[in-house]
Amino acid sequence: MARALHIAQRGMYTTTPNPRVGCVIVRDGAVAGEGWHERAGAPHAEIKALAAAGERARGATAFITLEPCHHHGRTPPCDEALIAAGIKRVVAAMRDPDPRTAGRGLERIRQAGIEVATGMLETEASELNAGFVSRLTRGRPWVRMKIAASLDGKTALANGKSRWITGEAARRDGHHWRARACAVLTGIGTVRDDDPLLTVREVATPRQPLRVVVDSRLETPLTARILAGGGVLVACAVEDITRIAALQDRGAEVIVLPNSSGKVELPALMQELGRREINELHVEAGFRLNGSLINEGCVDELLLYFAPCLLGESAHGMAALPELAELDQRHMLKIGDMRALGGDIRVMARLEPRSGASGITIACLPAS
């Protein structure tokens, strides 16, 4: 199963909106075939492993990181393929949260007289597909917020300048997390101050994630670099037909999602991204939008890069959160990983769901 999880990661940047899945077929103590899912519409991991194993699949055990699919989608169901190949035993790390399968795949295999087991390295398997699980169970993506800060928790000078707080190794690592995400989100403040591209450049990737701009009043400059090349979604709170048409002429799609305060309704935006089959959302925004996203329960994980420097009291903090009267109102975190990247330190932490918030159980494991 560890091998199946390892090869499943080969689809890290390509499988969206599908899950990352690996399969290893073992017969007589030796690997007979293995496969991994590459992209939507391509053969699933089980089909590739069965093709590699050939006749050796008969009487063998299939180790699969996710329950074999039971439904007809872009490809035929994998449970029937495993049955037809004569597999003797199926070990699935986790059940599929997709309601079209959700236990039906394993039950169909069991009904065919094949031995079934689940739960082997389940935590690691669910971690690999945190975004897929989130979208299928909560209707919204897994949201990872990336912040680069000084050791005193400052992200930009008072004049807005922030390039570059961290070093090359940290920035390259940040591009890895951009690449694995389905979409990258930022705010109008960052677009104005930094004029970023928000594309993946430091690591090789076969695709670029969707870029999302939260721009309540449609202030995105038509010359902004983020508009170059298309693949941009602008979320606003006003129906300014002229400005919307101008952004559309630059290749952007505009959606209007106002809340009662005249801002973008962020939870509704998360649901909209889930509807668009966004599994993982990577946030690189300013302290105001960071604070709003956290305060409105839209963030699951923090990806923090701390540089060995101090910027002082007047610099901007990591997130603009409302003042608390009691310590029990604080946002609690669970640190899962800390490591050095060049001269910087990376901390990964999960936000503990507050009372009444919807959460999913994903282990806080080291990731790279």
Side-chain angles (χ1 to χ4, degrees), residues 1 3-27 31-122 125-126 128-129 131-137 139 182 206-207 274-280:
M1 188 63 77
R3 173 63 183 171
L5 284 165
H6 178 73
I7 62 175
Q9 294 182 54
R10 295 177 184 174
M12 185 69 75
Y13 303 159
T14 60
T15 62
T16 182
N18 287 358
R20 301 150 183 152
V21 183
C23 175
V24 175
I25 295 174
V26 177
R27 180 172 173 178
V31 173
E34 62 183 32
W36 55 282
H37 183 47
E38 182 177 357
R39 65 183 182 277
H44 288 191
E46 299 94 319
I47 305 304
K48 293 175 72 173
L50 288 171
E55 284 302 312
R56 295 192 66 199
R58 192 162 299 277
T61 296
F63 293 89
I64 314 166
T65 59
L66 184 70
E67 175 184 5
C69 65
H70 179 67
H71 60 279
H72 284 267
R74 295 181 179 92
T75 57
C78 291
D79 54 2
E80 295 294 345
L82 291 164
I83 293 168
I87 290 290
K88 180 182 179 181
R89 181 173 179 244
V90 171
V91 181
M94 63 178 287
R95 293 181 181 272
D96 191 342
D98 190 328
R100 295 173 297 178
T101 294
R104 295 185 181 93
L106 292 175
E107 182 57 30
R108 175 68 186 94
I109 291 169
R110 188 179 290 109
Q111 289 174 355
I114 298 172
E115 182 183 349
V116 170
T118 60
M120 180 181 289
L121 298 184
E122 180 177 10
S126 62
L128 181 64
N129 284 304
F132 180 75
V133 174
S134 176
R135 179 170 65 83
L136 268 294
T137 58
C182 308
R207 63 160 180 86
R275 189 187 67 78
R276 292 168 182 251
E277 297 188 314
I278 300 298
N279 289 341
E280 292 185 21

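Values in this document were obtained by computation on a predicted structure and should not be read as measured data.
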Notebook entry, point to check: Between Val31 and Val24, does a side-chain contact (heavy atoms from CB on, under 4.5 Å) hold up when you go through it step by step?
Noted result: CA-CA 7 Å; Val31 173; Val24 175; 4.0 Å; yes

Item checked: side-chain contact (heavy atoms from CB on, under 4.5 Å) evaluation trace for Phe132 with Val21 -> CA-CA 11 Å; Phe132 180 75; Val21 183; over 6 Å; no

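For the pair Trp36/Cys23, no side-chain contact is recorded, criterion being any heavy-atom separation below 4.5 Å from C-beta on. Taking 4.5 Å as the limit, every side-chain heavy atom of Arg3 sits out of range of all side-chain heavy atoms of Phe63. For the pair Leu136 and Pro99, the minimum side-chain heavy-atom distance is below 4.5 Å. Side-chain contact between Ile114 and Leu82 is absent, with no heavy atoms from C-beta onward closer than 4.5 Å. Counting heavy atoms from C-beta on, the side chains of Leu128 and Met12 come closer than 4.5 Å. Considering only heavy atoms from C-beta on, Asn279 stays 4.5 Å or farther from Ser134 through its side chain. A heavy-atom distance below 4.5 Å is not found between the side chains of Asp98 and Cys69. Using a 4.5 Å heavy-atom threshold, the side chains of Val91 and Thr118 count as separate.
Scanning all heavy atoms of the two residues, the minimum distance from Val133 to Met94 falls at CG2-CE, 3.9 Å. Residues Ala60 and Ile25 share a closest heavy-atom pair of CB-CG2, 3.6 Å. Taking all atoms of both residues into account, the shortest heavy-atom contact from Ala57 to Ile87 is O-CD1, 3.4 Å.
Partners of Arg207 by salt bridge (Lys or Arg N to Asp or Glu O under 4.0 Å), not counting sequence neighbours: none found. Residues passing the salt bridge (Lys or Arg N to Asp or Glu O under 4.0 Å) test with Glu122, sequence neighbours excluded: none. Evaluation of the side-chain hydrogen bond (donor to acceptor under 3.5 Å, both in side chains) rule for Glu115 yields Arg89 as partners, not counting sequence neighbours. Annotation: side chain to side chain contact (heavy atoms under 4.5 Å, CB included) contacts of Arg275 (sequence neighbours excluded): Glu272.
The pair Glu107-Arg110 meets the salt-bridge criterion, since a charged nitrogen lies less than 4.0 angstrom from a carboxylate oxygen.
Judged purely by atom type and a 3.5 angstrom limit, Glu38 has no side-chain atom pairing as donor or acceptor with the backbone of Gly11. Under a 3.5 Å cut-off, the side chain of Glu277 and the backbone N or O of Pro17 do not form any donor-acceptor pair. Between the side chain of Glu67 and the main chain of Arg95, no donor-acceptor pair closer than 3.5 Å is present.
The CG atom of Leu5 sits 10.5 Å away from atom CE of Met120, with the distance rounded to the nearest 0.5 Å.
Residue pairs meeting the side chain to side chain donor-acceptor pair (under 3.5 Å) criterion with at least one partner in residues 10-27, sequence neighbours excluded, are Tyr13-His176, Asn18-His37, Arg20-Glu280. For residues 40-65, the pairs satisfying side chain to side chain donor-acceptor pair (under 3.5 Å) are His44-Thr75, with sequence neighbours left out.
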